[in-house]
Peer 1: 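Take this structure, written in structure tokens, and hold onto it; I'll ask about it next.
Because only heavy atoms are used, hydrogens play no part in the values below, and waters and symmetry mates are left out as well, while side chains stay in. Reminder, nothing fancy here: chain letters follow the sequence lines and each chain counts from 1.
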There are 2 protein chains.
Amino acid sequence: MLNEAVETEILPEAGAEPERRVRDRGATERAILAAAKGLLAEEGFQNFGINAVARRAGCDKQLIYRYYGGLDGLVEAIGADLGTWVKDRIPEDAGGMFMLTYGDLMERLALLLLDALRSDPLMRRIVAWEVSENTEQVRRLSEARSKALALWLDRMRGSLAPPKGVDAAAVNAVVIAAIQHLVLAGAAGGQCAGMSLKTSKDWEKAATALKRLVRGVYG
Amino acid sequence: MLNEAVETEILPEAGAEPERRVRDRGATERAILAAAKGLLAEEGFQNFGINAVARRAGCDKQLIYRYYGGLDGLVEAIGADLGTWVKDRIPEDAGGMFMLTYGDLMERLALLLLDALRSDPLMRRIVAWEVSENTEQVRRLSEARSKALALWLDRMRGSLAPPKGVDAAAVNAVVIAAIQHLVLAGAAGGQCAGMSLKTSKDWEKAATALKRLVRGVYG
DNA sequence: CCCCGCTGTCACCAATCGGTGAGTATCTGG
DNA sequence: CCAGATACTCACCGATTGGTGACAGCGGGG
């Protein structure tokens with residue numbers, strides 16, 4: 001389909017010593033993991049395979065089998081890595097939210113999640129993967145992502161209780177669904193249901209609509 | 001990745017005449033198109049290729065090149081077929097909606113779209129494809145689906161005007177995004193953001209939350 | 001010092017992929 | 001009845017895939 005695979009350019013220096021690889025298992029493992037994450041983020045799950053990862057990592061695929069037990073283990077390692085996502089995404093002013101109403105909080109969280117997803121290609125690719133396949137690999141990744149997201153929401157929510165009379169869990173899930181799909185559609189095709197999602201002005205419109213929906217429920 | 005391709009079982013009848021295929025180009029073309037749609041709906045876009053379609057259609061892949069000009073043309077034909085989607089999805093009681101408020105209408109449309117998508121595996125796969133890739137193939141399909149959806153919404157809306165003061169287009173796009181992601185996530189993994197999406201009771205909860213969001217904006 | 005284990009490389013496998021050229025079978029009009 | 005168009009099949013191509021077994025080079029502990 002898409003041909004023209006770029007020739008890897010790790011040819012040894014013509015004259016000097018051939019850039020001997022240091023024998024460092026840890027570094028190699030990290031290189032493989034980084035290659036896998038980068039490949040997934042940049043190319044998507046379509047061309048995500050042993051050969052591609054090894055090519056990008058600049059090592060033999062055999063090492064992936066040895067160190068991670070194959071692609072499955074590698075994907076699992078990516079999932080484990082996703083746990084660190086939370087730490088990077090908790091703004092320092094989280095303490096300042098204690099006095100907000102639940103509506104304020106959810107509006108804020110919605111916009112934060114929107115931006116976070118929009119600026120995280122790896123996470124986007126994983127979400128897209130989740131809704132496209134249902135293999136064991138994807139399930140593991142999905143679980144890790146789900147946990148990270150839940151933890152993040154929990155940390156951000158603090159001790160604020162949702163209002164009575166509404167199924168906040170369901171409403172929030174629907175809001176999150178909207179956010180995820182908007183980001184995916186925007187990144188993939190630049191639009192969603194007729195609404196353009198390219199310029200930052202487009203995204204402001206989307207964010208406004210999102211706010212309106214959240215405010216409509218939580219006041 | 002996923003191996004164990006099922007052996008096609010179209011071996012000729014052992015004793016009798018070998019189930020001679022009638023030479024009927026029209027029928028073959030239809031068989032190919034049906035095979036493509038069925039394959040896409042059941043297996044997803046991952047293993048969607050010339051060989052797989054030809055295998056399922058029970059003919060040689062050469063015919064796909066001849067009749068459709070390759071996979072691209074075949075995908076385009078699927079897109080053209082999507083235009084018929086609208087006709088099947090307009091309930092006969094559409095006339096009864098003229099007197100509704102915009103909020104009533106959008107709530108209704110949201111639930112209708114939710115059910116329609118939920119019961120249409122092909123459309124689901126296409127939506128998933130749209131957010132996963134950005135090839136020419138997908139763009140064509142996406143455009144066709146977008147048109148069909150817009151046409152459907154237009155037909156359903158009739159002459160009802162949206163309320164002033166809200167960016168109805170943006171709000172509706174967000175609602176549609178939520179619907180699409182809910183359906184995709186439910187079909188793929190049975191849950192979304194912690195909300196289970198398996199039983200019909202689960203879906204009722206989701207629908208209720210959706211209604212609440214729509215009502216919150218449009219009253 | 002030498003040997004063994006660890007790290008990394010290479011060659012090869014069967015299977016499948018998209019794509020093509022050439023051939024066979026059937027039907028039809030003269 | 002024959003010729004040519006049409007419908008269809010088959011065999012093959014190079015490339016790429018996931019996966020494995022054998023081997024080379026270096027380093028540290030006996």
Side-chain angles (χ1 to χ4, degrees), chain A residues 1-8 10-12 17-33 35-36 39-40 43-76 133 135-137, chain B residues 1-8 10-12 17-33 35-36 39-40 43-76 133 135-137:
Chain A
M1 202 92 55
L2 273 196
N3 43 359
E4 208 59 27
V6 182
E7 288 293 330
T8 44
I10 320 193
L11 5 154
E17 82 264 40
E19 185 67 37
R20 181 140 293 298
R21 286 188 71 85
V22 280
R23 291 163 67 91
D24 183 344
R25 168 159 179 169
T28 305
E29 284 182 358
R30 266 175 282 129
I32 291 174
L33 186 59
L39 190 65
L40 190 52
E43 307 284 335
F45 55 94
Q46 290 283 38
N47 303 89
F48 185 75
I50 285 277
N51 292 302
V53 172
R55 219 176 298 140
R56 185 186 241 251
C59 72
D60 198 275
K61 56 183 168 181
Q62 175 77 24
L63 298 184
I64 300 178
Y65 287 106
R66 271 219 265 279
Y67 298 157
Y68 291 95
L71 249 198
D72 296 14
L74 186 51
V75 168
E76 201 138 6
E133 257 185 339
T135 63
E136 192 58 33
Q137 282 182 3
Chain B
M1 201 94 57
L2 273 194
N3 43 1
E4 207 58 30
V6 182
E7 288 291 331
T8 46
I10 321 193
L11 0 156
E17 81 262 40
E19 185 67 37
R20 180 139 290 301
R21 285 188 66 88
V22 280
R23 288 165 71 89
D24 182 343
R25 169 158 178 170
T28 304
E29 283 182 0
R30 266 174 282 129
I32 291 175
L33 186 59
L39 191 67
L40 190 53
E43 307 284 334
F45 56 93
Q46 290 283 39
N47 301 90
F48 186 75
I50 283 277
N51 292 301
V53 172
R55 219 177 297 139
R56 184 184 241 252
C59 70
D60 197 274
K61 56 182 168 184
Q62 176 76 25
L63 297 184
I64 300 178
Y65 287 106
R66 268 217 262 284
Y67 299 157
Y68 291 95
L71 248 199
D72 295 14
L74 187 50
V75 168
E76 201 138 7
E133 258 186 337
T135 62
E136 193 57 34
Q137 282 183 5

Peer 1: Would the distance check show the side chain of B:Y65 and the main-chain N or O of B:I50 forming a donor-acceptor pair, the cut-off being under 3.5 Å?
Peer 2: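 Checked: no pair found.
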Peer 1: What is the distance from CD1 of A:I50 to C1' of D:dG18, rounded to the nearest Å?
Peer 2: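 It is 7 Å, rounded to the nearest whole Å.
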Peer 1: Between atom CG in A:N51 and atom P in C:dT16, what is the gap in whole Å?
Peer 2: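 The distance from CG of A:N51 to P of C:dT16 comes to 16 Å, rounded to the nearest Å.
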Peer 1: Looking at B:T28 and B:Y67, what are the two nearest heavy atoms and their distance?
Peer 2: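 Closest pair (atom of B:T28, atom of B:Y67, distance): CG2-CE1, 4.0 Å.
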Peer 1: Over how many whole Å does the gap from B:R55 atom CZ to D:dC10 atom C1' extend?
Peer 2: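 So the CZ-C1' distance, B:R55 to D:dC10, works out to 16 Å.
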Peer 1: I need the minimum non-hydrogen distance between B:D60 and B:A54, along with the two atoms involved.
Peer 2: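 Looking at all heavy atoms of both residues, the closest pair is C-CB, 4.0 Å.
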Peer 1: 5'-most contact on DNA chain D: B:D24 or A:R66, nearest heavy atom basis?
Peer 2: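 First, find each residue's nearest nucleotide; the 5'-ward one identifies B:D24.
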Peer 1: Work out which heavy atom in A:C59 is nearest to a heavy atom in A:L63; give both atom names and the distance.
Peer 2: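 Between these two residues, the closest heavy atoms are CB-CD1, 3.9 Å.
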Peer 1: Let me know the distance between CZ of B:R25 and P of C:dT28, rounded to the nearest Å.
Peer 2: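 Checked: the CZ to P distance equals 16 Å.
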Peer 1: Write down the distance between OH (B:Y65) and C1' (C:dG19), rounded to a whole number of angstrom.
Peer 2: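 Interatomic distance, OH of B:Y65 to C1' of C:dG19: 5 Å.
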Peer 1: Rounded to the nearest Å, what distance is computed from the CG atom of residue B:L74 to the C1' atom of nucleotide C:dG18?
Peer 2: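 About 14 Å, once rounded to whole Å.
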Peer 1: Considering all heavy atoms of both residues, which atom of A:A57 and which atom of A:I32 are nearest to each other, and what is their separation?
Peer 2: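 Closest heavy-atom pair between A:A57 and A:I32: CB-CA, 4.0 Å.
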Peer 1: Of all the heavy-atom pairs spanning B:A52 and B:L39, show the shortest one and how long it is.
Peer 2: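 Nearest heavy atoms, B:A52 then B:L39: CB-CD2, 3.5 Å.
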Peer 1: Looking only at the side chain of A:Q62 (C-beta and beyond, no hydrogens), which of the listed nucleotides C:dC10, C:dA25, C:dG19 gets closest?
Peer 2: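 Among C:dC10, C:dA25, C:dG19, the one nearest the side chain of A:Q62 is C:dC10.
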Peer 1: Could you check how far CD of B:E43 sits from P of C:dT16, rounded to whole Å?
Peer 2: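 So the CD-P distance, B:E43 to C:dT16, works out to 15 Å.
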Peer 1: Taking only the side-chain heavy atoms of A:D60 (C-beta and beyond), determine which of C:dT7, C:dC10, D:dC10 contains the nearest atom.
Peer 2: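 Of all the options, the side chain of A:D60 is nearest to C:dC10.
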Peer 1: Between C:dG18 atom P and A:N47 atom CG, what is the distance in whole Å?
Peer 2: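 In whole Å, C:dG18 P lies 13 Å from A:N47 CG.
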Peer 1: Start at the 5' end of DNA chain C and walk down; is the nucleotide closest to A:K61 or to B:K61 reached first?
Peer 2: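 The residue mapped nearer the 5' terminus is A:K61.
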Peer 1: With the side chain of A:L63 defined as its heavy atoms from C-beta on, choose the nearest nucleotide among D:dA7, C:dT20, C:dT9.
Peer 2: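 Among the listed nucleotides, the one closest to the side chain of A:L63 is C:dT9.
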Peer 1: Of the nucleotides C:dG8, C:dG18, D:dG19, which one has an atom closest to the side chain of A:T28?
Peer 2: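 For A:T28, the side-chain atoms sit closest to C:dG8.
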Peer 1: Using five pairs at either end of the helix from C:dC1-D:dG30 to C:dG30-D:dC1, determine the angle between the two local helix axes and round it to 10 degrees.
Peer 2: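 The end-segment axes of the helix from C:dC1-D:dG30 to C:dG30-D:dC1 are tilted 30° relative to each other.
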Peer 1: Which heavy atom of A:R56 sits nearest a heavy atom of A:A35, and at what distance?
Peer 2: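 Heavy-atom minimum between the residues: CD-O, 3.3 Å.
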